Amino acid sequence: MSKYCIKCNKLLPISYQDNTCIDCIKEETFQKVKEYIMNNNVTEFDVAKEFNIPLRWVSEWIKKDRIQYRVQENKITFDDLISITHKKN
């Protein structure tokens, strides 16, 4: 019997505990993180702690320019890159 991700239909190992693949979990989490950072003045460490996710996920999103740092009131935080693009238009 094969097991597939309920979101994207990716083949999963039979022993995999969840019904959603890690890529889909990361994307779902990113969408929640994006909303969270748009409404809160936070650092990547704050985000990792708030969502109980590895800091490397947040660092990966920063490296891929999905989110980026901004300077606000002498504190380095980050904002969603898409919202910055929309503000310019």
Side-chain angles (χ1 to χ4, degrees):
M1 183 175 165
S2 298
K3 185 175 181 179
Y4 297 91
C5 174
I6 60 172
K7 303 272 183 191
C8 71
N9 269 347
K10 183 185 218 178
L11 183 62
L12 301 171
I14 297 295
S15 61
Y16 190 71
Q17 296 295 316
D18 206 336
N19 290 323
T20 308
C21 72
I22 192 68
D23 293 334
C24 289
I25 291 170
K26 283 173 74 172
E27 187 57 31
E28 285 177 8
T29 303
F30 174 76
Q31 296 304 320
K32 293 174 186 174
V33 165
K34 181 171 83 169
E35 182 70 27
Y36 179 73
I37 65 174
M38 288 175 71
N39 296 310
N40 296 280
N41 188 16
V42 293
T43 66
E44 63 187 284
F45 301 103
D46 298 331
V47 170
K49 184 176 179 183
E50 177 70 24
F51 289 90
N52 195 29
I53 58 175
L55 183 58
R56 64 181 153 75
W57 285 15
V58 183
S59 298
E60 177 183 309
W61 295 328
I62 292 168
K63 287 178 185 172
K64 290 183 176 180
D65 284 336
R66 294 189 77 186
I67 52 180
Q68 74 178 42
Y69 276 98
R70 64 183 161 139
V71 176
Q72 185 178 47
E73 299 175 13
N74 297 323
K75 181 178 179 184
I76 296 177
T77 59
F78 57 98
D79 199 356
D80 180 63
L81 183 61
I82 295 168
S83 73
I84 293 170
T85 304
H86 289 289
K87 288 177 187 174
K88 289 180 181 176
N89 294 333

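What you are looking at is a predicted structure, and each value in this text was computed from that prediction instead of being measured.
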From Phe30 CZ over to Lys64 NZ, what is the distance, rounded to the nearest 0.5 angstrom? 10.5 Å
Looking at Glu28 and Lys32, is there a salt bridge between them, counting it only when a charged N and a carboxylate O are closer than 4.0 Å? no
Minimum side-chain heavy-atom gap Glu27-Lys7 below 4.5 Å: no
Would you say Lys26 and Glu60 make side-chain contact, with heavy atoms under 4.5 Å? yes
Heavy-atom side-chain contact between Asn19 and Lys3 under 4.5 Å: yes
Side chains of Asp23 and Cys8 in contact at under 4.5 Å (non-hydrogen atoms): no
Is Ile6 reachable from Leu11 through a run of I, L, V, M, F, W or Y residues, each pair having side-chain heavy atoms under 4.5 Å apart? no
Is there side-chain contact between Thr29 and Trp61, with heavy atoms separated by less than 4.5 Å? yes
Are any of the side-chain heavy atoms of Ile22 and Tyr16 separated by less than 4.5 Å? yes
For the pair Asn52 (side chain) and Ala48 (backbone), establish whether a donor and an acceptor sit closer than 3.5 Å, ignoring hydrogens and angles. no
Per side-chain contact (heavy atoms from CB on, under 4.5 Å), Trp57 is matched among Ile25, Val47, Val33 by Ile25
Are Tyr4 and Lys10 side-chain neighbours, meaning at least one heavy-atom pair lies under 4.5 Å? no
